[in-house]
Amino acid sequence: MQSTGRNKFSFIPATGDEQQAMLQKIGLQFDDIVKCFAGNSCVEGGLQLPDGLTEDQMVEYWDTMMSRNSGPRKASLLGAGAYMHFIPAVVPHLASLPGFVTAYTPYQPEISQGTLQSLFEFQSFMVELTDMELANCSMYDGASSTAEAMLMAHRVKKADRVLVAATVNPNYLATVRTYLEPHGIAVDVVKMNGDGRVSMEDLESKLSVTACSAVLVQSPNYLGIIEDLGAIGTIVHRHDALFVESFTEAMALGLLKYGVGTGADVVVGDGQSLGLSMSFGGPHLGVFATLKKYNRDFPGRIVGESIDTKGRQAFVMTLRAREQDIRREKATSNICSNHALNALTAAVYLGSVGESGFRALACENVAKLQKLVSGLEATGHFTRVFKQSPVFNEAVLASSIAPEDMRSRLAGVPVFPPLALARSIVPEVQGMPHTYLICATEMLKDSILKQVLGALS
Amino acid sequence: MQSTGRNKFSFIPATGDEQQAMLQKIGLQFDDIVKCFAGNSCVEGGLQLPDGLTEDQMVEYWDTMMSRNSGPRKASLLGAGAYMHFIPAVVPHLASLPGFVTAYTPYQPEISQGTLQSLFEFQSFMVELTDMELANCSMYDGASSTAEAMLMAHRVKKADRVLVAATVNPNYLATVRTYLEPHGIAVDVVKMNGDGRVSMEDLESKLSVTACSAVLVQSPNYLGIIEDLGAIGTIVHRHDALFVESFTEAMALGLLKYGVGTGADVVVGDGQSLGLSMSFGGPHLGVFATLKKYNRDFPGRIVGESIDTKGRQAFVMTLRAREQDIRREKATSNICSNHALNALTAAVYLGSVGESGFRALACENVAKLQKLVSGLEATGHFTRVFKQSPVFNEAVLASSIAPEDMRSRLAGVPVFPPLALARSIVPEVQGMPHTYLICATEMLKDSILKQVLGALS
Amino acid sequence: MTLFEKSVAGRSAFSFGFEEDRAVAERYIPEFARAAVKSLPQVAELDLVRHFTNLATMNYGVDTGFYPLGSCTMKYNPKINERMAADPRLTVRHPLDDAAGNQGILQMEFELKESLQEITGMDDFTLQPACGAHGELTGMLIIHAYMRDHDAKRTKVLIPDSAHGTNPASASMAGFQVVTVPSNERGGVDMDALDKLMDDTVAAIMLTNPNTVGLFEENITRIAELVHTRGGLLYYDGANLNALMGLIRPGDLGFDVVHLNLHKTFATPHGGGGPGAAPVGVKKFLADYLPIPVVVCRDGQYALDENRPHTIGRMSGFYGNTAVLARAYVYIKMMGRDGLLATSRAAVINANYVKALLSPYFPPAYDRPVMHETVLSAKGYDKYGVTLLDIAKRLMDYGYHPPTIYFPHFPPYAEEVMMVEPTESESKETMDSFCDALIKISQEAKENPDLLLSAPHDTVVTRVNETYAARHLITSHRDKKGT
Amino acid sequence: MTLFEKSVAGRSAFSFGFEEDRAVAERYIPEFARAAVKSLPQVAELDLVRHFTNLATMNYGVDTGFYPLGSCTMKYNPKINERMAADPRLTVRHPLDDAAGNQGILQMEFELKESLQEITGMDDFTLQPACGAHGELTGMLIIHAYMRDHDAKRTKVLIPDSAHGTNPASASMAGFQVVTVPSNERGGVDMDALDKLMDDTVAAIMLTNPNTVGLFEENITRIAELVHTRGGLLYYDGANLNALMGLIRPGDLGFDVVHLNLHKTFATPHGGGGPGAAPVGVKKFLADYLPIPVVVCRDGQYALDENRPHTIGRMSGFYGNTAVLARAYVYIKMMGRDGLLATSRAAVINANYVKALLSPYFPPAYDRPVMHETVLSAKGYDKYGVTLLDIAKRLMDYGYHPPTIYFPHFPPYAEEVMMVEPTESESKETMDSFCDALIKISQEAKENPDLLLSAPHDTVVTRVNETYAARHLITSHRDKKGT
Ligand SMILES: Cc1ncc(COP(=O)(O)O)c(C=O)c1O
Ligand SMILES: Cc1ncc(COP(=O)(O)O)c(C=O)c1O
């Protein structure tokens, strides 16, 4: 294709000569083939795209572009759905092995046991951590999993109304609305109490009006507060709706109660905290766990243990009759590819931190937030809102420091600044007109915490 | 071992309980075992080392430490034995696959075909590029390979004297001296001519005095100049010595003549440029190629093609009878582990750039240096020394700019500053009291070159 | 053996500078703390490494060998893409941090959007959808919202019988009623049927072009005209765009909404089933409906625009799979205009080459040139007592991943068809030896059918019992303990 | 099939922003340019990726399974070490750049030196040697230079018959005459023989301790006294230090020079045969002889000291294998004082455990507790017509890497011995199943020796013909073309 006789594109092996030879052998010209375009003109003058870059040029271009981001940070006061945690080196090392990365969905189990078994292990982890009976092998992210849970509840219960706690992450709520809208399912919001948690009274009363298919509650909720899922579950079941528990911070699974013990029908959430980087919001990891009685209703793929013709342990996708490729418009979801490699990553991560390690991490997150909050309160510029309510690794603080000031004070500290909340969400605090949702994880080492407190004093 | 009941060391699986159980099963106490220390007291109070760091602590510690280096650069005016070249992403990706990285020397060929075949391919690349008949599967680096070549020549020729061109890299010369010293082999230096190349007259005359085992010449030499290896080879062979050709810049193998055509008995050098990072000087890659007639004399391991019991192609280490584990004090070298993974890396690199690509790279290096030199000369602050002598990607320039000034002018440019040479090495240039060995590779993109010239104008 | 079964109490690969502080739970969350999870595996780091390293080798991937899985475009995933996507300046960026701190990423996304617009001939794009099906849902929700605003009686969507299962599933998830359009005897849309079905209750038709038999829809101009004239919209499932880049653009053909599978055409790895990324492009009149946020560029500053009153809302928690988008971006940048064209040309040539070589043994349903993939039939082999499944399993013994089998499932393909998509990444030798293997297997079918019936033989497990899995439903370690 | 055999003219994975400029050679180096190398492989990137990805799976490594290769300390290579060593702040640093720009690396090297001094009880260290043998040569050159200055008649070196082959080879390469010291019936140095041999022509004795049969040299104090009193020095081959960390220090035992294999004891990966790193430690009186440069710290600034008049010179082009040193540094930092002790304890317990389990089937030569490895005999099996080699090959079918076989080769071990070194990285289950396999094989030897004679069966190739290799001497692709 070129003067040097060398192929220009490293990703296309065939040389011009070879292509000619192939076409000759099969008695076709390329123009014969595109005759099928039948009058539809080809792209005139070719695509208006620049010439391709070579790899060295690409690296230079990329480098210039990425240097326009402010650099990576060592910790984050910003959470609200994406969390900065430590990722042990062994996790990306294993998750990036070519056998895992370059395989398709495991349609042929005999040559896909690596993916299948890893996903089975992921499901096992999710079942243990959510305390549910069944987990699929991943969804896209927490928000879309949550929306799918609401759709499933609707399939099961058929009532054209669902309730969502006001304390649910607003992006999750928006996603739920987007998914339910075309089905004419009403999405009613259950009020928040003065303690930053969902109001039991409002829940009770809204459930009493007409039938609901589902009630969605997030814990820790958007404001970082731990909801009383058990108490809510009791109310929900009294009204014969499905109880959907949601989480954005998977680290909480190490310490908080979810699942059957709190009356959940579905537990959904985002697994990004389990060994995945934030990557500006994706790809993250949708978790979906439910009860066995819904095993014809839930969305997404699932792997089951089986045996091969010699009786050896082997894994295979199962409960396939719910899926789009078989059931088409009657499928329990349209989901096809999911986030398998991220599920595998989460399994590696959980295998790496282990049983007591995962709990230690959860405790450390709680402890770090408490340390941060009391440090901030000691500066006099901050006070916690919803003081009495238990929190995990995020909390709402009122402050005298305005967002722009906050950014500039923290400019020299290697942390992402906290999220400024719209005033309307939380009660006003005298002399502290600004409100922040502040996060702390195990990454907030004491040395960094000191810098943060120094900058905000 | 710990209050939590969890093992403290992730790299040691056995728990305290398990170790107890094992000892019990075999009827031993640990103290029984160390009784063999017989009166030699154990380390009293333990080693005076700090407590271990956990992985997250380690990352923090490392990060702080490494931030004390001035950051990586995009190109280098510094060469002199270590060269900055572009490394395609596919190279480290493949060379870091766990099967390659975590294997030992391929003593058991049936489960080591990956290493063995890769090394066979490395040898094949070296044979083609050095134009020799035989290449071993790596040595430590260019300097030690060169020293081993001189020792081999001494084994073959037995004369207690060798000649080394004055234009050889001084660290290579020092290494040769270190290796030869205990054997009482005299190392005489052949003078440099006014053109920066080895003096044929001095070579001829020094060869005529007494017998020599070997003559060592480097090309491109330390000053970047291409030696006339063919002409030297003729002289060397007239005097019945072995001709050892050496290189520090493997990229030159793409364009320059070495090997049988120039009368070489051995071609040695460093393969760092073939896809390996500089890494502050190591690990690099020793290349050793020679003639078949020396196949009982050369140092290091070599892989041969063979067949298995079913007649299939299979690879295995061969010519083992030269080696230390069999011949002990009579071995052709003490070398045991070599730099196998780096040899494999070089094979991947050469496979990636390919036949015409490798030559294109070599040409680009030549062109880039010429561009740099003429740019620098145009500033009026530089002039090339040894103007008439052909160079590859390094050249000596005299300059009015002093080394400290050079450093500070280049501080804002992402390049490693050039090497300041001791004045004594090269002829003086009027008004330009400082001398530099300046390197340019394909990394010196026009945009960076422009910055360099701007800073030095 | 699963990691759970390898667990030994007390083992650990946990290496953090703290231990569980039991007081924390008691002090701060007394009522809500669960009992310790007692059933997670406890392993040392080497146990973990060996476990997953060995699992990885039990998988077949593009890096291992030929993977001609039709409709899946299993092309080479360049390693440079992985390096770029692992850049901490991307991976360690919080999505809610100021746009000012994310100008590099936003620029990348904006440039990607522009490239996709040019490649498809569409006017605007959202990068948010995570996978193809998610893209379809997004696109159909856009159409749903548009029709709600403009022509609310249109509640049906037409879908050819050859369509991928996600198409009807997505349409239905977007609130539409699905109506199937039969194919004609040339493998395209049956125009008469379409003419009958396309009435004023139809919101849109979803087409894959080239369709799932690898054929370009010859009547596309007539279809577009028909549908548009009668008030419907055209949805383009871009899973098969690999055939068309630089040759023809869905936007120019009349499509109003398209989704692209970056994990197919644009070389991002499949990861054993995602994550992918499936941007959705629309014509100008639909741009207001795109999900928020949309990447925009104003005065050289990149930003995420959330202020779009007509938006369908959000499809995910943030903005999509940035790290996947980055890989596709690098791929497009490196291929450039000539490279993308060369890619589609090569993909098409390869598919026709494989088709021609295999035709005598596995006849294609239509004797027409195909685009990027070909559907071949193994119907005749039942007389030897073997099925397509047996042929596919036997291919594994020859070191190949089988093609997609038993899809598409519509007449005349209802049974025993395989869809072969070599992609442009494969060399002539690879295709030659793959075809040789299939031809040899066709011989074996006659001479020694048992070899096929008992295949695969050389894999880590032999055929896996699906019925057993369905009957026992062991889908987690907990289920095993129970049994 | 090698990459050369997969070459197709015109293929390429070259992706740089320039092409060959033929004018360059003609213009700048007319006489010296070679003809184009016409025989390098030409492959596309995917060809390359598949080639090496598949080769990688044909290798057995620590990450794959148990690798009890005696004397090689095949322990786990932590992945965090790889991440740190790939830091561009280390990999993209030129060795000749100012020390001011390399303070981080030099600090790392200096701290590593200090740790190694503490671990071994030595006074100073060079980090320059690339591998164990290179360290030995360095150490013996130091002794050679010292003796040249102090007692030039000492031209011999004593080496036990059990020593690793590199010991005599290194001594001889350092200009010494090698004299072999026999072992006694307890596996240690024969003291009477030593007494006779240790005269005033002897410069040093080289010892491995624990020695290559895994035994601690009981008479070490007496040996040290004897050698020192008679004017000789003690060299310590530290390949087996994994047994002793935190328990006992070679420096305290009287050794004057030691080398360490960081690629054994300190967890850096073996890479199929290097690169490693083998720092050499010396007592103060020898420090002046260390090769240049030496990392020093002056007023908090780290520097490379080249001004050392007594130095033996240089052992390499720069300063040693920095990226390997970095891995070992991270390992030591993470293990810390307790961790290193726990490592040696565990290594010793594991070796004794395996020894005990296997003793009934493969008797050890001495019934003494061993340190980190054990030597077991398969002598009795010749009566079934099988050799140790057959047993080793059969182990591969069970999924294990065989132990080191036929080494050490000295009486009473001359034949049929295997050296098993489990290392601390291995779990009880792994060792149990390994021992079960060997015991099963010992059974098979009696009942079905053919199974062993034809082993391995489950590997990518069966036994490889060494004679064929030696006779045909095909050591490059060029040789093949020739034949
Ligand atoms: C034609 C077609 N459409 C849609 C999809 C769905 O894409 P995804 O799996 O990314 O959801 C696929 C993937 O198999 C496909 O082949
Ligand atoms: C006891 C002993 N000494 C020295 C060496 C040589 O080390 P290297 O292979 O790194 O040169 C070895 C390695 O096998 C060994 O086991």
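A note on names: the letters A, B, ... follow the listed sequences, proteins ahead of strands, and every chain is numbered from 1. Please read all numbers here as calculations on a predicted model, not as lab measurements.
Heavy-atom distances place the side chain of B/Met84, and not its backbone, under 4.5 Å from chain D. The contact between B/Leu28 and chain D is made entirely by side chain atoms (from C-beta outward), counting heavy-atom distances below 4.5 Å. Looking at B/Leu94, only its side chain comes within 4.5 Å of chain D, counting heavy atoms on both sides. With a threshold of 4.5 angstrom between heavy atoms, B/Tyr61 approaches chain D through side-chain atoms but not through N, CA, C or O.
A cation-pi contact, defined as under 6.0 Å to the ring centre and within 45° of the axis, links D/Arg345 to B/Phe30.
Counted by atom type alone, B/Thr115 and D/Asn59 present one or more donor-acceptor pairs between their side chains at under 3.5 Å. With 3.5 Å as the limit, one finds a donor-acceptor pair spanning the side chains of B/Glu121 and D/His51. No donor-acceptor contact under 3.5 angstrom links the side chains of D/Thr475 and B/Gln123, judged on distance only. In the model, D/Thr91 has no side-chain atom that pairs as donor or acceptor with a side-chain atom of B/Ser277 under 3.5 Å.
Distance alone, capped at 3.5 Å, places no donor-acceptor pair between the D/Arg368 side chain and the B/Cys36 backbone. In terms of modelled atom types and a separation under 3.5 Å, the side chain of B/Asp141 and the main chain of D/Gly317 share a donor-acceptor contact. The backbone N or O of D/Val62 sits less than 3.5 Å from a side-chain atom of B/Thr102, completing a donor-acceptor pair. Looking only at distances, no side-chain donor or acceptor of D/Glu20 sits under 3.5 Å from a matching main-chain atom of B/Ala360. A donor-acceptor pair under 3.5 Å is absent between the side-chain atoms of D/Glu118 and the main chain of B/Leu47, judged by distance alone.
For B/Glu329, there are no salt bridge (charged side-chain N to carboxylate O under 4.0 Å, His left out) partners, not counting sequence neighbours. Partners of B/Glu18 under the side chain to side chain contact (heavy atoms under 4.5 Å, CB included) rule, at least two apart in sequence or in another chain, are B/Ala14, B/Thr15, C/Val8, C/Arg11, D/Lys428, D/Glu429.
Proximity of D/Val92 to B/Arg73: side-chain heavy atoms (C-beta onward) are nowhere separated by under 4.5 Å.
The pair B/Arg359-D/Asp21 fails the salt-bridge criterion, with no side-chain N (NZ, NE, NH1 or NH2) lying under 4.0 Å from an Asp/Glu carboxylate O.
The two residues D/Leu3 and B/Gly351 make their nearest non-hydrogen contact at CD2-CA, 3.9 Å.
Relative ring orientation between B/Phe125 and D/Phe4 is described as tilted, the plane-to-plane angle lying within the 30° to 60° band. Aromatic ring pairs are classed by plane angle as parallel below 30°, tilted from 30° to 60° and perpendicular above 60°; the pair B/Tyr140 and D/His134 is tilted.
Of the listed residues (B/Pro390, B/Ala143, B/Gly354, B/Pro283), the one with the most heavy-atom contacts under 4.5 Å to chain D is B/Pro283.
B/Ser70 pairs with exactly one of D/Gln103, D/Arg89, D/Arg93 by the side chain to side chain donor-acceptor pair (under 3.5 Å) rule, that one being D/Arg93.
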